[in-house]
Amino acid sequence: MTMFHFFNCAILTFGPHAVYYSATPLSEYDTLGTSVKAALVYLGTALVKLVCLATFLKVSENDGFDPYQELLKAVIGFIDVAGLYFALTQLTHRNISQNHKFQAVGLGWAFADSVLHRLAPLWVGARGLEFTWDFILQGLEANANLVLSISLAALGSLMWLRKNKPKTLIPIIYACAGIVATMPSITSYLRRGLGWHFPKVVGFELFTSLSMAFISWQLFSACQRPSS
Amino acid sequence: MALSKNSGGHRGMQESMYSVIALVFILVACVELCDAAAAIDVYRLIQYDMSGSAYGSRFAALNHHAASLHFPPGADLSRAVLIIPLRELNITFVREYINQKKPLGGLLFLLPDIFSFENGGNKQVHEKEQLKNLLAELEQLLIHANIPYPVYFAFENDEIDTVLADIKKNDAIGQPATATTGGYKLVIPTPEPKKVASPTITNIQGWLSGLKADGDTNQLPTIAIVASYDTFGAAPALSVGSDSNGSGVVALLEIARLFSLLYSNPKTRGRYNLLFGLTSGGPYNYNGTQKWLRSFDQRLRESIDYAICLNSIGSWDNELWIHVSKPPENGYIKQIFEGFSNVAEEMDIKVGLKHKKINISNPRVAREHEQFSRLRVTAATLSEISTAPELLQGTGGLYDSRQFVNETAITRGVKLVAESLARHIYGHQGKNVQIFADGGSLAVNPAYIQSWLDLLSQTPRVAPFLSKNDPFVMALKKELTDHTDEVNMQHEVLEGVFTFYDSTSARLNIYQVASVTFDLLLLLVLGSYLIVLFSFLVITTRGLDDLISLFRRPPSRKVKTA
């Protein structure tokens, strides 16, 4: 029955990605290649981030919140944004509309993130006899991450791929992109600095991801109006 | 450029695929990490066969749900482990369960801290005596029963106390843990217990030569001082036997030390040889002593004037007993007893004489001196216990821990024996001479006694589990070598009447498990979540019609109008 639990948590963590791919027109236009390429770019970004973290970050004994270290982590987190920029602009994609491009890139990005960060703990931990809620919460976090990645990709495509944007919306776009990009720092601050428990943090992540998704959707459709 | 980029990307993808596959293999090979709610050391009930009958707990591996004493009546416990703290033990309940052979998954007894050496310390518990008697009764019940499921002992600590409180709460609601209702699972992954092949018993003897006058060719008379050092108890890994017979061993070592001081100077060397014997096999009718005596040369055996056996002299107040097999009217016995009584009077101790005839046809040997008496050697046992113990009773079990032994009692006992022996050796009977006076260079050393007693109270000494070169046996040998002229070790095999099985201690993992129903429910919830997500996405991106068209795929009517 512990393999059963592992199976449950696995479909919670990775199921939505597959569902997203098959439900939206992405499957019709066969954008799998784009997603795979985005996943690989994520792997490369993760490696670069790892090297930077190992070089610049000091190992702290206590689990408290060190503002300087967190600032450094946030700066390194912007490598993520650079990676996304690379994936959106530099890679050659087949002829797919911008609408679908950012979705495919975001999907691949989020899938790679889930696999890299969540598969190993799931395999080692969820198969044991001991039951914890951690893995279910981790799955919910993966869901929130998917939504966040897609909204970040949407905002990214707005920033770099769309040339004619209404002037008033540009600062809002950049502000939202900034918030979404610094989400990891915000969550780690909540966990360490304020001492929130895991379920609370996951709830916060879900809420913000949904709201950011909604905002970026509105921005995207607002920017689409002049060209349509 | 696009082409090269593509091929480069392709190769990169291949490489990353290989590394991912390698990583997956490593993870698959990973041993399941133990992430239990609690992991504690547990000690198994002894498993042995005596004359073909099986006794003790016959199984070691455990993998069942936990239950407490508050289980709802009528619940099926055949796949549950009952956790019983000693304080809440109802001995009739356990006796009923065992005697009526009711099915049970396992038993786990929780012992209070006072019975452990590290944590017991000097805590004052007001029900000490009560708990001690209860534990002794439980031990006797378990040792003589044949139990077809694992029985373990553990010491109470915070982790298991919280787990037990949780289990009691669940049981009180009326929801005993099974596969479908979650709860706690106790797992001890040990292999099946195997027989201990040829258990050895090791006797250690130390010889201190007396002063032979020039020209004297006769053998000097010998006095033997003997104590058995091994134990037998319900949990072999916890049978430290502080009183039975740790106190005897400590006393023997101290007496050896004192006499070695006296004998080191030829001017104070007595005209008696001293033979110190640390025997094994005590609980099994003093089998080791018998083999030791049988190995003696006839001349040596005849030269033994008398033997004093020390057993359980660690927790008495004012009264000691000398047990003999020869009738009290016998001259030798009178001499010995008078010698002891005189010294005892000076020390304000009451010494009583107990006589019990030996029956050679009865294999039961209750006290060590009886082995000597069977070979016509005058012997007596000095003990605080007045009655003769039964087989496997009073042999240093779980309840016999450091807490209940008093160093002062041992010190006084040592002084009594040493003084009486010295007066006999040097011919000062009846005279009021204090050879081992307090404060002198020959005073009994309480620090020596305490340190050896502490060591003994931390060393479980069940003979079949002590190998020939066990560090403790070697330590005893070294100590005797320091105090005597010649030390010999005799290795024998324990008689075939007893067979022992290994696996005496293990590590218990306590897991908090969720039930199957929980996972099924979770699967249902997740399935519906994914379906809802799917429909939501289809509706928002492709429109409601597309969703409906997914379900309506009529095989006919595929009219393709251009």
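The structure displayed is predicted, hence computed values, not measured ones. A note on names: the letters A, B, ... follow the listed sequences, proteins ahead of strands, and every chain is numbered from 1.
- Separation of atoms CD1 (A/Ile136) and CG (B/Leu526) is listed at 7.5 Å; rounding is to 0.5 Å.
- The shortest distance between side-chain heavy atoms of B/Leu522 and A/Phe4 does not fall below 4.5 Å.
- Of all heavy-atom pairs spanning A/Glu130 and B/Gln512, the tightest one is OE1-N, 2.7 Å.
- Only the side chain of A/Trp133 comes within contact range of chain B, with heavy atoms under 4.5 Å apart.
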_Determine whether B/Leu530 and A/Leu12 satisfy the following criterion, side-chain contact (heavy atoms from CB on, under 4.5 Å), listing intermediate values before the conclusion._
CA-CA 8 Å; B/Leu530 285 177; A/Leu12 176 60; over 6 Å; no
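- No more than 12 heavy atoms of other residues, nucleotides or ligands sit less than 6.0 Å from atom NZ of B/Lys194.
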_Trace of the ring-ring contact (aromatic ring centres under 6.0 Å, His included) decision for B/Tyr511 with A/Phe131_ = CA-CA 8 Å; B/Tyr511 296 107; A/Phe131 172 76; over 10 Å; no
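- In this structure, chain B has a heavy atom under 4.5 Å from the side chain of A/Phe7, while its backbone stays farther away.
- Heavy-atom neighbours of B/Phe153 CZ from other residues, nucleotides or ligands within 6.0 Å: above the threshold of 12.
- The contact between B/Leu523 and chain A is made by backbone and side chain atoms together, counting heavy-atom distances below 4.5 Å.
- For the pair B/Asp519 and A/His5, the tightest heavy-atom approach, listed with the atom from each and the gap, is OD1-ND1, 2.8 Å.
- Contacts between A/Thr132 and chain B at a heavy-atom distance below 4.5 Å are absent for every atom of the residue.
- By the neighbour-count criterion of 12 heavy atoms within 6.0 Å, atom NE2 of A/His197 is sparsely surrounded, having that number or fewer from other residues, nucleotides or ligands.
- Proximity to chain A (any heavy atom under 4.5 Å) is restricted, for B/Tyr529, to the side chain, taken from C-beta onward.
- Other residues, nucleotides and ligands place no more than 12 heavy atoms under 6.0 Å from the CZ atom of B/Phe536.
- Interface check for chain A: of the options B/Leu533, B/Val525, B/Ile531, the most heavy-atom pairs under 4.5 Å are formed by B/Leu533.
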